[in-house]
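Owing to the predicted nature of the structure, the values given are computational and were not obtained by experimental measurement. The figures here come from the full heavy-atom set of this structure, side chains too, leaving out hydrogens, waters and symmetry mates. Both counts, for ligands and for their atoms, begin at 1 and track the order of listing.
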Amino acid sequence: MDTTEWATSIFKKLDQKLDVEATRLEDKIPYIPENGHYIDMGKQDITWWTNGFWSGMMWLMYHATGKEIYRKTAEANESRLDAAFNQYTGLHHDVGFMWRLSAVADYQLTGNERSKARGMHAADLLAGRYNPRGKYLRSWNRDRAGWVIVDSMLNIPLLYWARDTINDPRFGYIAEDHADTVMNNIVRPDGSVNHIAIFDPTNGELLETPGGQGYESGSSWSRGQAWALYGFALSYAHTQKQKYLDTAKRVANYFIANVAQNNYDTLVDFRAPEKPILIDSSAGACAACGLLEIAKQVPEFEKSLYLNAAVEILKNIEAKYTNWDLGVDGIIGHGTPAYHDAKLEVPLIYSDFYFTEAILRLLKKDFLIW
Ligand code: GLY
């Protein structure tokens, strides 16, 4: 079966299962299923960083199929997220994930002005986290004024969107300053990346690089690699600055070399001890989207490296980790929130999101939701 035939068959299964899940969930906001069914993150924690992924997946599927169930479900989640704006202390740099995938995707596809206002409100909150001495966006709250995590590279597309939407270059300057700081302090020369960098918030001096969600400081948390890979490819797409594409390729080449060693399975950390073997499918699915974005940007003779690696990763995930049972919530299993987490190898909403995005990219049924 060629890649398009394969992707078409998977798209049909995705459509079937996501339609059933959307009908069953109504306006619930999913994250990790418990006993086969999603609990409502909207009730548990409306400010949780993953609360935009379901909406985003629904917009991707609405764009690909035109089915009303997807639009209605996305809109219901987006309205519920308004409650998060009222909990200011719970909001963090992940406003980028939350509103880029929900309200901004809505505005992109429907022109809804209320959604545009939500997106701009979130972009202002994100831009307000900028530290002009360190030239970075602070990531987390509490007593962490100097903390930056590589995940932030997927939050800054909200700023590129705001730049273009109200024609204000300020948002782009902040996004690029932040991307430069991550590129110079978090991405290592060999293409691996740190998860966290702690700066002196008064002058931007790099103080420490803790291990964060990876195995330890100096190791190589695979989802962090994926955030950098896809994030820099997106920064290139939004700025056309060669340094971002070069960085994305450096991280991608390192990522490909590592997954190729394990039959395209993504270990949670590429530099953890050999045992236990722990998988994080979400890292593979996110990286596949980044590899497909890079394949779009590089000259013809380089494309196959990135395209083929993405397809190998996706086929491996599909063969080993999918659950197509319509009665059970969640499609992609073996996602791991963090190396030292109580929950290991579970279905995660963002594994489903990135897998769906990647399949739609392969079929050219996608739109740039970042
Ligand atoms: N952005 C949080 C995570 O990747 O787990």
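Close approach of ligand 1 to Gln213 (heavy-atom distance below 4.0 Å) involves ligand atoms 3 (C), 5 (O). Taking every non-hydrogen atom of Trp227 and a distance limit under 4.0 Å, the qualifying atoms of ligand 1 come out as 4 (O).
Ring pair Phe199/Tyr136 is parallel by interplanar angle, where below 30° counts as parallel and above 60° as perpendicular. Note: His195 and Trp221 have tilted aromatic rings, judged against thresholds of 30 and 60 degrees for the angle between ring planes.
Among all protein heavy atoms, the one lying closest to atom 2 (C) of ligand 1 is Asp151 OD2, 3.1 Å.
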What verdict does the side-chain hydrogen bond (donor to acceptor under 3.5 Å, both in side chains) test give for Asp265 and Tyr321, after you've listed the backbone C-alpha separation in whole Å, the side-chain angles of each residue and the deciding distance to 0.1 Å? CA-CA 10 Å; Asp265 253 337; Tyr321 305 127; 2.8 Å; yes
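Contact of the Tyr236 side chain with the Glu293 side chain is not registered, since no non-hydrogen atoms from C-beta on lie closer than 4.5 Å.
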